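Both ligands and their constituent atoms are indexed starting at 1 by order of listing. Excluded from the calculations below are hydrogen atoms, water molecules and symmetry mates; all remaining heavy atoms, backbone and side chain alike, are included. All residue numbers refer to positions in the sequence shown, counting from 1. From a predicted model like this one, the values you see are computed outputs, not experimental measurements.
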Amino acid sequence: MKFDILTGNPALARTDCIVIGVHDSGELSAGARAVDRRCGGALSRWLRHGDFAGKLGETALLPAFARLKATRILLVGQGASTVTRRNWRKALQATVGALAKTRVESAAVALTRPATRDLDDYLFARSAAEITHAALYRVNDLKSAKKPPAPALKSLKLGPVGTSATAARRGLRHGDAAGRGAALMRNLANLPANHCTPTYLAEQAMELGRRYPALKVKVLEEADIRAEKMGCFLAVTQGSDQPPKFIVMEYRSPKAPRGPIVLVGKGITFDTGGISLKDPGAMDEMKFDMSGAASVIGAMSVVADLELPLHVVGLVAACENMPSGRAVKPGDIVTSAAGLTVEILNTDAEGRLILCDALHYARRYKPSTVIDLATLTGACVIALGHHHTGVMSNDDSLAAEIVAAGVRADDRAWHLPCTEEYGEQLRSNFADMANVAGRDGGALTAAAFLAKFTQGLRWAHLDIAGTSYASGAAKGSTGRPIGLLTDLLVTRARR
Ligand code: BES
Ligand code: MN
Ligand code: ZN
């Protein structure tokens, strides 16, 4: 997709299709008024028939009226005249959905946008490009029926742009990269576990390294993982026939400040629970348990794509969590790479086990910031539902930075506590700590477990169990939190 900003009178745009907004009060978007003026009131005369109510998300494709360069007009219902970011997003999703069903190759979008104080030119353009990518995303399904033809849409002009065309262009570039990163994440996460194995994830990371020479990728094999003494990671993988992979991706710009940002992803390509076997209901969704890994790989592609003046390291611990005669058993005690011993009371609390060793590995980079991403707990889904990612951190200012990035990206996160009391609940009679602490505050005790391995680091943990994929009819990866991470990284790059 080629993105550009729409400047000047939209009625004069040289494009296949002009997209204009109509509100449910009958009020027209500024773009619609311009079109109406240009064609002598033909639009308002047509609207008087009453076929189009301007309901949010409603669309109608019309042949263009006289004196327009375009061949079609797409009317889009924008609902209330006060345009919130949420309503605007829905209208833009409807726009792209409707265009994708036509043979329109180029379109100029002139919907009413939210007030600039809520969404400046940069964020408006970035969001628009991200939303477009997401709406055009088609799951890489394995259905044998012939696929419907790909959408014809190739170029999109987005407006209206306020005072800062430069900022808007930059926004489009960043949103385009974020959109592609999110699609990469979704493709990885949507694949079933018999296709998306740890080996496959490692191959995809290597492939990214070939595409971006500035991105150095290496993969630690089981013997290397053993040499790193990652006893917790090895305990999780030992029941699986698939070899584990520890993926290291490093992007370093010569302009980067000192101390990299390290992103750590949970890459459980399938979580059966192990010997603490899960209930069968919705167990298929545990193929998404590598969404943290997929978001690290997606975020690394965004950084490399935008050539940000940063030093970013992506670490992915990838393996399966399976029951077998060789699987780790409840009560087994293992030694983490950090040297702390862990009593594995529940083999289904495996994410924290692979992450604690990956977080320890991060220390060698003397990082300025470490952020892990994981579908870590069902408890986080109980606490926050599906709208906010949970953020836990040993540094309130880092948590605030992440929450703010989520607000700007419209990929929201909520700060949850990570204080010592939760860590005390992990007490074990036999080892330095247990890997679980009962049901209460499950998202927080999971974070508290990780906190024991991140002392002295500036660290945050994002629990994306409720936000990175959807269940039910819309089952699939959402591409979150690529938007949040992109904002965080480009904001850091500006410093
Ligand atoms: N991958 C799951 C967490 C999860 C659950 C993600 C539901 C998405 C939806 C994780 O490995 C897990 O099983 N966590 C346990 C921890 C418990 C045993 C302390 C959980 O949340 O039940
Ligand atoms: Mn589990
Ligand atoms: Zn898991």
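- Looking at Ser127 and Arg85, their side chains do bring a donor and an acceptor atom within 3.5 Å of each other.
- Residue Arg258 places its CZ atom among 12 or fewer non-hydrogen atoms of other residues, nucleotides or ligands, all under 6.0 Å distant.
- Classified by interplanar angle (parallel below 30°, tilted 30° to 60°, perpendicular above 60°), the ring pair Phe288/Tyr469 is parallel.
- Taking Arg170 as the reference, nothing meets the side chain to side chain donor-acceptor pair (under 3.5 Å) condition, with sequence neighbours excluded.
- Between Tyr361 and Phe246, the gap from one ring centroid to the other is short of 6.0 Å.
- Atoms of the protein (N, O or S only) found under 2.8 Å from the Mn ion (ligand 2) are Asp271 OD2, Asp348 O, Asp348 OD1, Glu350 OE1.
- For the Zn ion (ligand 3), the nearby protein N/O/S atoms, meaning those under 2.8 Å, are Lys266 NZ, Asp271 OD2, Asp289 OD2, Glu350 OE2.
- With no hydrogens or angles considered, no side-chain donor-acceptor pair links Asp440 and Tyr422 at under 3.5 Å.
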**Request:** Any chance you could lay out the salt bridge (Lys or Arg N to Asp or Glu O under 4.0 Å) test for Arg226 and Glu221, step after step, and finish with the verdict?
**Result:** CA-CA 9 Å; Arg226 208 166 287 284; Glu221 305 295 334; over 6 Å; no
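- Electrostatic pairing of Asp289 and Lys266 counts as a salt bridge here, judged by a charged N lying under 4.0 Å from a carboxylate O.
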**Asked** Would His360 and Phe233 count as a ring-ring contact (aromatic ring centres under 6.0 Å, His included) if you check the C-alpha gap in whole Å, the side-chain angles of each, and the deciding distance to 0.1 Å?
**Response** CA-CA 11 Å; His360 183 73; Phe233 183 19; over 10 Å; no
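- The ring of His311 has its center no closer than 6.0 angstrom to the ring center of Tyr365.
- A side-chain contact (heavy atoms from CB on, under 4.5 Å) with Trp459 is found for exactly one of Asp395, Ile371, Asp372, namely Asp372.
- Enumerated by chain and number, the residues approaching ligand 1 to less than 4.0 Å through a heavy atom are Lys266, Asp271, Lys278, Met286, Asp289, Asn346, Asp348, Glu350, Arg352, Thr375, Leu376, Thr377, Gly378, Val436, Ala465, Tyr469.
- Counted by atom type alone, Thr272 and Asn321 present zero donor-acceptor pairs between their side chains at under 3.5 Å.
- Ring pair His388/Trp414 is perpendicular by interplanar angle, where above 60° counts as perpendicular and below 30° as parallel.
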